[in-house]
Amino acid sequence: MAYETLIVEVEDDVALIRMNRPDALNALNSKLMTELSSAVQAADRNDNVRVIVLTGSEKAFAAGADVKEMAGKSFVEVYFDNLFGPEADAIARVRKPMIAAVSGYCLGGGCELAMICDFIIASDTAKFGQPEINLGIVAGMGGTQRLTRFVGKSKSMDMHLTGRFMEVAEAERCGLVSRVFPAKDLMAEVMKIAKKIAEKSLLSTMAAKECVNRAQESALSEGILFERRVFHALFATEDQKEGMAAFMEKRQPQFRDK
Ligand code: HXC
C-alpha cells in the first residue's frame with residue numbers, strides 16, 4: 001500500500017516504516033498519524049513480518065506533533081477529536097516486537113512515539129525532549145507517564161518542566177535508549193538487531209513483549225487518560241494560542257497565565 005507520509009518496506013521478515021515529511025522534520029500531523037497506525041496494524045497482521053522498525057530521517061525521528069495543524073484548535077475540538085489518542089493506542093496495542101531507530105530530533109509527540117515502541121536504538125546525533133511546556137501545553141501522547149517510567153521522576157520532571165533537550169549519552173545513561181551507534185551505521189545495525197529477533201520464535205518474542213509490558217502497565221492507562229484530558233484542556237488557554245503562534249512567527253512567547 002502506498003502512503004503519503006510514510007515509506008514502508010518489508011524485507012527478510014522485518015517491516016521498516018519510515019516517517020517521511022522532510023520539510024517539517026517529520027512533524028506528526030493527522031495524515032501521518034492515521035497512516036502510521038494503519039501501517040503498523042497492517043505489519044502486525046502480515047504473516048511475512050516478525051519485527052517492526054519505526055524510523056525517521058537522519059535529521060529527525062520526529063520533531064513532535066504538527067504545531068501548525070494544532071495551533072488554532074479549541075478545547076472542544078481536541079476533546080472531541082481525542083487528538084492522536086486512538087492512533088497512539090492502536091500503535092501501543094501492536095503485538096509484534098517494534099523497535100524505534102532514532103536519529104536527530106526526537107521531540108514531543110516524536111519522543112512519545114519512540115517510547116511507545118518496545119525499545120529505542122539511537123544514533124549519536126539523537127536529541128530527546130518534551131518541549132510542550134514552551135508551547136503552553138503538556139505532553140499528550142503518554143510522555144508524562146512513559147518518560148517517568150523510563151528515566152524516573154527527577155529526570156522526567158526536569159525534561160517536562162524545562163523543555164530541555166537530552167543528548168544521547170545522557171539518554172543511554174538513564175535508560176531511555178538501549179544502544180547507541182554512529183549515525184552512518186544506525187540503520188544497518190538496527191536491521192541486524194531486528195533480523196536477530198526475527199530468527200526467534202514469534203510466539204516467544206510476542207510473549208516476552210507482553211510480559212515486559214506487564215511490568216510497566218500498572219495504572220498506565222489511567223495516567224495516559226488523565227494526561228490526555230489535561231492536554232485537551234490546555235487548548236482552552238490563551239497561553240496555548242500564544243505559545244503556538246510564537247513558534248510559527250519564530251519569536252519568544254509572552255505567557256500571561258491565562
Ligand atoms: C510543525 C515544525 C515542527 C513541528 C519543526 N517544524 N518542528 N512544524 N510542527 N513540531 C518545521 C519548522 O516550522 C520549519 O518549517 C521546518 O520544520 C524546519 O524547522 P526549523 O525550526 O527551521 O529547524 P531548526 O532551526 O533546525 O530547529 C529544529 C527544532 C525546531 C529545534 C526541532 O523546529 C523546534 O523547536 N520544533 C518544535 C518542537 C516542538 O515544540 N515539539 C513539540 C510539539 S507539541 P518552515 O516552514 O519554517 O521551514 C507535541 C504534543 C504532542 O508534540 C501531543 C500529541 C497528542
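The structure presented is a predicted model; accordingly, all values stated were derived computationally and were not measured. We use all heavy atoms of the structure for the numbers below, so side chains are in, but hydrogens, waters and symmetry mates are not. Note that ligands are numbered from 1 as they come in the structure, with each ligand's atoms numbered from 1 the same way.
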Atom 53 (C) of ligand 1 has as its nearest protein heavy atom Gly140 N, 3.6 Å
Using heavy atoms and a 4.0 Å limit, tell me yes or no: is Leu28 in contact with ligand 1? no
So that I can tick it off, tell me whether Glu242 and Arg256 are bridged by a salt bridge, with the cut-off set at under 4.0 angstrom between side-chain N and carboxylate O. no
Any salt bridge linking Arg21 with Glu4? Criterion: basic side-chain nitrogen under 4.0 Å from a carboxylate oxygen. no
State whether Arg95 and Asp44 are salt-bridged, where the test is any N-O pair (Lys NZ or Arg NE/NH1/NH2 against Asp/Glu carboxylate O) under 4.0 Å. no
Nearest to atom 14 (C) of ligand 1, what protein heavy atom do you find, and at what distance? Lys68 NZ, 4.2 Å
Ignoring angles and geometry beyond distance, decide whether Leu107 reaches within less than 3.5 Å of ligand 1 through its nitrogen or oxygen atoms. no
Residue pairs meeting side chain to side chain donor-acceptor pair (under 3.5 Å), one or both in residues 84-94, sequence neighbours left out, come to Asp89-Arg228
If you measure every N/O of Phe231 against every N/O of ligand 1, is any gap under 3.5 Å? no
Can you tell if the side chain of Glu132 reaches within under 4.5 Å of the side chain of Phe231, non-hydrogen atoms only? no
Here the atoms of ligand 1 under 4.0 Å from any heavy atom belonging to Gly108 are 52 (O)
Identify, by atom number and element, the atoms of ligand 1 in contact range of Gly109, meaning under 4.0 Å from any of its heavy atoms. 49 (C), 51 (C), 52 (O)
Determine, for Glu170 against Arg164, whether the closest basic-nitrogen to carboxylate-oxygen distance falls under 4.0 angstrom. yes
Quick one: do Lys192 and Glu189 make a salt bridge, cutoff under 4.0 Å? yes
Name the closest protein heavy atom to atom 27 (O) of ligand 1, giving the residue it belongs to and the distance to 0.1 Å. Tyr105 OH, 4.3 Å
Could you tell me if the side chain of Ile121 sits less than 4.5 Å from the side chain of Ser178, heavy atoms only? yes
Do any nitrogen or oxygen atoms of Ala63 lie less than 3.5 angstrom from nitrogen or oxygen atoms of ligand 1? yes
Would you say Leu113 ends up clustered with Val177 if hydrophobic residues are merged whenever their side chains have heavy atoms under 4.5 Å apart, either directly or through other cluster members? yes
Please indicate, with yes or no, if any protein heavy atom is found under 4.0 Å from atom 24 (P) of ligand 1? no
Contact check, Glu112 vs ligand 1, heavy-atom distance below 4.0 Å: yes
Which protein non-hydrogen atom lies closest to atom 9 (N) of ligand 1, naming both residue and atom, and how far is it? Val67 N, 2.9 Å
Do Val51 and Asp13 come within less than 4.5 Å of each other through their side chains, counting heavy atoms only? no
List the closest protein heavy-atom neighbour of atom 30 (C) of ligand 1: residue, atom name, distance to the nearest 0.1 Å. Phe247 CE1, 4.4 Å
With side chains defined as the heavy atoms from C-beta onward, is the minimum distance between Val230 and Val138 less than 4.5 Å? yes
Report yes or no: does Met70 have a heavy atom closer than 4.0 Å to ligand 1? yes
Is Ile137 close to Met244 at the side-chain level, that is, under 4.5 Å between some pair of heavy atoms? yes
Assess Lys250 for proximity to ligand 1: is some non-hydrogen atom of it under 4.0 Å away? yes
Are the side chains of Leu83 and Met141 in contact, using a 4.5 Å heavy-atom criterion? no
Is the shortest distance from atom 47 (O) of ligand 1 to a protein heavy atom below 4.0 Å? yes
Looking at Glu132, which atoms of ligand 1 are within less than 4.0 Å of one of its heavy atoms? 44 (S), 49 (C), 50 (C), 51 (C), 52 (O)
Among non-hydrogen protein atoms, atom 20 (P) of ligand 1 lies closest to Leu25 CD1, 4.6 Å
Just need the protein heavy atom nearest to atom 44 (S) of ligand 1, so name the residue and atom and give the distance. Leu135 CD1, 3.6 Å
Using a 3.5 Å cut-off on N or O atoms only, is Lys59 in polar contact with ligand 1? no
Option with minimal heavy-atom separation from atom 17 (O) of ligand 1, where the choices are Asp23, Leu83, Asn26: Asp23
Salt bridge Lys127-Glu167, side-chain N to carboxylate O under 4.0 Å: yes
Around atom 6 (N) of ligand 1, find the nearest protein heavy atom and jot down its residue, atom name and distance. Ala24 O, 3.8 Å
Report the part of Arg228 (side chain from C-beta onward, or backbone N, CA, C, O) that has a heavy atom under 4.0 Å from ligand 1; answer both or neither where that applies. neither
